[in-house]
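Since the structure comes first, as structure tokens, the remarks are kept for the end.
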Amino acid sequence: MTASTTGDDLLVLHALRCAGFTDLARVAAVTGLGESDAESELIDLAAAGHVTYTAGLFGGWGLTEAGRAADARRITEELEAAGARTAVAGAYDRFLVLNPELLDICGAWQMRPVGGAATLNDHGDPDYDARVLGRLIDLDRRAQAVCADLSAALPRFGRYRVRLADALARATSGALDYVTDDMASYHTVWFQLHEDLLATLGIPR
């Protein structure tokens, strides 16, 4: 298996595939590029007909159909050139084992049992929140091995470990939105990793 370095243009294109319609700051955060470099790539991709920009308060960047097709082709070519399909597929299988647990943790974070019924978690019970965060910390320890195998197969996957660790650190430091609610929350990054694995392996959702 040969290590593969993903070009910045593909990093940006694929970020829109996995994160969806979004703004420049989020593209930069997802890719790890500076905003000026990410914007330069977006402009070039727009000139090629692969992305479009929508202006306005809720504007941002999104893929065109041609861009989605180009991303699928290039991501497949990268996977095959690196000889990484078996490694990525194996990591995906292990990700699927953890995925239901992560969803259960997120559900427990958003709703908590009160008097035998589930109610919206207002985060007024720090002991309850601490227990749920403890479960997330335990899951994250196990997810690290999956992320390590993915980044060894295709280095671009390494960005997910950085983003997951950042979200968890923020959440455990008191920024509670970073579990499920922020655009850079643990759940959001995990969802994008899931999308990336499906796209990379050509598996329909």
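Along the sequence shown, the residues carry numbers beginning at 1.
- In this structure the side chain of Val179 never reaches within 4.5 angstrom of the side chain of Ile105, judged on heavy atoms.
- Taking 4.5 Å as the limit, every side-chain heavy atom of Trp61 sits out of range of all side-chain heavy atoms of Leu45.
- In this structure, Asn121 contributes its side chain and Trp109 its backbone to a donor-acceptor pair below 3.5 Å.
- Proximity of Leu193 to Phe157: side-chain heavy atoms (C-beta onward) are separated by under 4.5 Å at one or more points.
- A 4.5 Å side-chain heavy-atom check between Val114 and Tyr128 finds every atom pair outside the cut-off.
- In this structure, the side chains of Leu136 and Leu168 come closer than 4.5 Å at one or more pairs of heavy atoms.
- Asp181 and Ser185 form no side-chain donor-acceptor contact under 3.5 Å, judged by distance and modelled atom types alone.
- Between Thr6 and Arg159, the side chains place no donor N or O within less than 3.5 Å of an acceptor N or O (distance only, hydrogens not considered).
- Side-chain contact between Asn99 and Phe95 is present, with at least one heavy-atom pair separated by less than 4.5 Å.
- Remark: the backbone N or O of Ala184 is not paired with any side-chain donor or acceptor of Thr188 at under 3.5 angstrom.
- Residue-environment remark: CE (Met111) exceeds the threshold of 12 foreign heavy atoms within 6.0 Å.
- No more than 12 heavy atoms of other residues, nucleotides or ligands sit less than 6.0 Å from atom CD of Glu65.
- A heavy-atom distance below 4.5 Å is not found between the side chains of Asp71 and Leu16.
- The backbone N or O of Arg131 sits nowhere less than 3.5 Å from a side-chain atom of Arg135 that would complete a donor-acceptor pair.
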